[in-house]
Amino acid sequence: SRRSFAILGASATIAAAVPLRYARAAEFTFKLGTNVPDTHPLNVYARKAADEIKQATDGRFELQVFASNQLGGDTDMFSQLRSGALEFFALSGVNILSMLIPSSAIYGVGFAWKDYPTLWNALDGKLGEHLRGQINKSGLDVMEKIWDNGFRQVTNSVRPIVTPADLHGLKMRVPVSALWTSLFEALGASPTGINFAEVYSALQTKVVDGQENPPAIIAAAKLYEVQKYCSLTNHMWDGWWWLINRRAWQSVPADIRDKVATMVNRNAMAEREEIAKQNVALRGDLAAKGLVFNDVDPAPFRETLTKFGYYKKWRRNFGEEAWALLEESTGKLE
Ligand code: X2X
C-alpha cells in the first residue's frame, strides 16, 4: 500500500543519515520525559544537549527526548522516574514534586520575585542548593541548573483580570499542588488541580474557564485557540528541575556522567536566554492570533493575599529555615 511504501522510504532515509561511527547502539540510553509540546524551548534545548552528548561521548550515551506527555501525564512520569522505568524527568518543584518534598515548592510563592536576575541568583545560589539537597534526600538526583518555564500569566475565556475581584468565581485550572490551589483560593477563584496533559481539552470543553502559564507555553500548546484574554499578572515564577533516577545514573561511569551534566546544564542556560527572548516577542505574536492582553498592577493582589493570611500560612508550612533563604533574595514577604 502507499502507506507502507511511505514508511519504508522514511526508514531508509533515517538509516542513511546515521553517521557510521554512531552506527553501533549506545551503551547507555536514557529517556527524558517532558510535559510540554515539542516546539517548546525545553525540548528544543534538551535535543541540542542530546546532540552534544552524542558527540562528546562518541555515541556511548544516548539521550532520547519524549516531549508532550508521550510517556504519560506528570503523575505517571513521576512514578516511572521513581521506579526506574524513566531515567530523566523535567518536573516543576511546585508541581507534584511538592507532594513528596513539601519545601520544593517554595520558589513558587505568589508575587515573590521582582525580576529574573534576583531569581537566578537565588536558584543558582543558596536557595537552589538547599532545594537540590532536599531532592537528594528524597532519593532522587538532579542537575544543577533549573530550566526556565517562566513568569505565569492568567488566561481565560470570560473577562480580563484587572483586580482580584475579576477572579471571583472563575473556574481556574492549576497544576496538582497545594501552593497553587491555595493562591487561587485566596484570590477568590475556584481552582481545580489538573495535569498539563489535559489542559487544552479542559479549556476547550469549558470544564474550566481559565488557566495560568507563561507565554512560551501558551504559544507552544496553542492555548490561544481556546482562550480569549491574557492578563499579565506575573503572579508566580516556575521552572523545571532535570530529575534523575539515582540507580540508573550510578550505572553510568563518572566521566560520562560529567559530560552529560555539563551539556545539560549548558543547554539550560541557553534555554533561559531563548525564553527571555520569547517573553518579549510573544505578546505581539499572540495578540495577532486574537488573544487580548492587559497589564496588571500586582499591589492589590499581594494585599489580598496578605489579608487572607496566605504568606503567614506558607511561612509556617515551609518552616523558618527555608523561608529565611527565600526572603534573603525576595525581601520580606508578608
Ligand atoms: O502544568 C503546567 O502548567 C506546567 C507545564 O507549567 C508545569 O509543568 C508546572
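Start at 1 with the first residue, then count along the sequence. Remember, it's 1-based here, ligands and their atoms both numbered in the order they're listed. Quick caveat, the model's predicted, so the values are computed rather than measured.
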Problem - Any donor-acceptor pair under 3.5 Å from Arg173 side chain to Leu203 backbone - result: no
Handout entry: Gln227 side-chain N/O to Leu291 backbone N/O, donor-acceptor pair under 3.5 Å
Key = no
Handout entry: Which residue and heavy atom of the protein sit nearest atom 6 (O) of ligand 1, plus the separation
Key = Asn213 OD1, 2.7 Å
Exercise for the section: For Lys31 and Ala85, indicate whether the former's side chain and the latter's backbone hold a donor-acceptor pair under 3.5 Å. Expected result: yes
Practice task
Mark up the atoms of ligand 1 that fall under 4.0 Å of a heavy atom belonging to Trp240, in ascending order.
Solution key: 8 (O)
Problem - Check: Lys126 and Glu328 side chains under 4.5 Å, non-hydrogen atoms - result: yes
Handout entry: Asp238, any N or O under 3.5 Å of ligand 1 N or O
Key = no
Handout entry: Contact (N/O only, under 3.5 Å) between Asp74 and ligand 1
Key = no
Practice task
Determine whether the side chain, the backbone, both or neither of Val199 has a heavy atom under 4.0 Å from any heavy atom of ligand 1.
Solution key: neither
Completion exercise
Nearest non-hydrogen protein atom to atom 8 (O) of ligand 1, with distance, is Asn35 ND2, 2.9 Å
Practice task
Would you check the N or O atoms of Arg173, main chain and side chain alike, for any that come under 3.5 Å of an N or O of ligand 1?
Solution key: yes
Exercise for the section: Mark yes or no: Arg82 above the aromatic ring of Phe78, with NZ or CZ under 6.0 Å from the six-membered ring centre and no more than 45 degrees from the axis. Expected result: yes
Practice task
Flag this pair as yes if the NZ/CZ of Arg132 is under 6.0 angstrom from the six-membered ring centre of Trp241 and inside a 45 degree cone about the axis; otherwise no.
Solution key: no
Practice task
Kindly state whether the ring of Trp237 and the ring of Trp120 have centres lying under 6.0 angstrom apart.
Solution key: yes
Practice task
Just jot down the ligand 1 atoms closer than 4.0 angstrom to any heavy atom of Ile217, in number order.
Solution key: 5 (C), 6 (O)
Practice task
Give a yes/no verdict on whether any heavy atom in Arg152 is under 4.0 Å from an atom of ligand 1.
Solution key: yes
Practice task
Return yes or no for this condition: an N or O of Ser92 is under 3.5 Å from an N or O of ligand 1.
Solution key: no
Problem - Any N/O pair Trp180/ligand 1 closer than 3.5 Å - result: no
Fill in the blank from the handout: ring pair (Phe, Tyr, Trp, His ring centres under 6.0 Å) with His40: of Trp147, Tyr45, Trp240, only one passes, and it is Trp240
